[in-house]
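Okay, structure first, notes after.
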Amino acid sequence: MEVLYHCSPTAGLKVLQPSVTKYFGKPRQVCLTASVPMALFYGVKHFEYTYGYTREREIYYEEYFPGALEAIYRGRSASLYRCARRPDMETTRIPNEYVTARPVPVLEEIAIPDVCQALLEQERLGALRIVRWAELPERSRAWVLQAEKDTILEQGLLTQDTGFARYMRETYPDSWALALAEQEAGA
């Protein structure tokens, strides 16, 4: 039996029900993964998930601001759910991701007392590469600055007082300033 994982800040689930993710525009479905590190990122509901895969399909996480890993994941508990892969589960373009529109029974729940510590353990085991902000090349930092500015403008956050707008304003002040300047120049 092939095992897949789903991680959630909600404990005690016996069946994973299809749902719609708020920020990613996906249909109502249950998302699972064959990768424990990938699952762990979803143990914290957040506005951004800055992990990716190399050409060799190895997972990595990049800090988009100094101390991002700890700021987002430290001290946050979650539940890692083990589920059996079924024939109706489809793979997606994202490596290790499986989706289904049907409910998924849970085989086992594993308590994760601190998601940050669990991610650091995955790094120690060699299952995850964590790229700290200090290690991020200057071209990558410049890309983050522009990408976050684009998100601010595309989502219309400059005129909103939502949790997402506040997060972006506080976390990416330089991107926020660039978005303001671009909006004023275009007005």
Side-chain angles (χ1 to χ4, degrees), residues 5 7 9 20-27 31 33-76 78 91-97 99 112 114-187:
Y5 302 92
C7 199
V20 176
T21 56
K22 187 173 181 179
Y23 296 103
F24 304 111
K26 293 182 178 182
C31 296
T33 178
S35 166
V36 170
M38 183 176 160
L40 288 170
F41 288 120
Y42 294 93
V44 173
K45 297 296 182 218
H46 200 262
F47 299 115
E48 60 187 347
Y49 299 91
T50 60
Y51 71 86
Y53 284 88
T54 65
R55 285 187 180 93
E56 295 78 27
R57 299 176 66 88
E58 295 170 347
I59 190 169
Y60 65 90
Y61 170 82
E62 289 184 338
E63 288 191 321
Y64 276 18
F65 58 91
L69 181 74
E70 292 206 10
I72 296 168
Y73 297 102
R74 169 97 41 226
R76 308 284 296 274
T91 58
T92 72
R93 290 186 0 230
I94 299 171
N96 297 310
E97 184 177 60
V99 296
I112 307 295
D114 187 309
V115 177
C116 184
Q117 288 301 316
L119 289 167
L120 291 171
E121 176 65 10
Q122 292 298 306
E123 179 186 42
R124 190 187 70 69
L125 293 171
L128 171 66
R129 180 167 175 255
I130 299 174
V131 182
R132 273 76 176 174
W133 177 257
E135 302 164 355
L136 209 59
E138 192 53 45
R139 72 182 186 295
S140 296
R141 290 183 188 198
W143 179 87
V144 169
L145 179 73
Q146 291 299 315
E148 299 304 347
K149 183 251 326 165
D150 292 345
T151 297
I152 292 163
L153 291 172
E154 290 165 4
Q155 298 294 318
L157 300 179
L158 294 174
T159 59
Q160 296 180 24
D161 188 28
T162 61
F164 188 33
R166 286 188 297 277
Y167 171 80
M168 294 299 284
R169 185 174 53 248
E170 294 166 8
T171 306
Y172 301 106
D174 294 341
S175 297
W176 192 271
L178 280 177
L180 277 173
E182 188 172 309
Q183 184 181 53
E184 289 170 3

With ring centroids as reference points, do Tyr51 and Phe41 lie under 6.0 angstrom apart?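 Judged by ring-centre distance (under 6.0 Å), Tyr51 and Phe41 do meet the cut-off.
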For a side chain to side chain donor-acceptor pair (under 3.5 Å) check, start with the C-alpha distance between Tyr167 and Glu48, then their side-chain angles and the critical distance, and finish with the verdict. CA-CA 10 Å; Tyr167 171 80; Glu48 60 187 347; 2.6 Å; yes
Dump the intermediate steps for side chain to side chain contact (heavy atoms under 4.5 Å, CB included) on Tyr5 and Tyr42, then the final yes or no. CA-CA 11 Å; Tyr5 302 92; Tyr42 294 93; over 6 Å; no
[X] bridged to [Y] by N-O distance under 4.0 Å:
X	Y	value
Glu121	Arg124	yes
Arg57	Glu97	no
Glu182	Lys149	yes
Asp161	Arg166	yes

Mark yes or no for whether Asn96, through its side chain, and Thr33, through its backbone, hold a donor-acceptor pair below 3.5 Å.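 Checking the backbone N and O of Thr33 against the side chain of Asn96, no donor-acceptor pair under 3.5 Å is found.
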Apply side chain to side chain contact (heavy atoms under 4.5 Å, CB included) to the pair Leu136 and Phe65, showing each step before the final yes or no. CA-CA 10 Å; Leu136 209 59; Phe65 58 91; over 6 Å; no
Any pair with a residue in residues 60-73 that passes salt bridge (charged side-chain N to carboxylate O under 4.0 Å, His left out), sequence neighbours left out, goes on the list, sorted by first then second residue, please.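 Those involving residues 60-73 are Glu70-Arg74.
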Test side chain to side chain contact (heavy atoms under 4.5 Å, CB included) on Gln122 and Ile59 and set out the steps. CA-CA 11 Å; Gln122 292 298 306; Ile59 190 169; over 6 Å; no
How close do Ala179 and Leu153 get, heavy atom to heavy atom, and via which atoms?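 Shortest heavy-atom contact: O-CD2, 3.7 Å.
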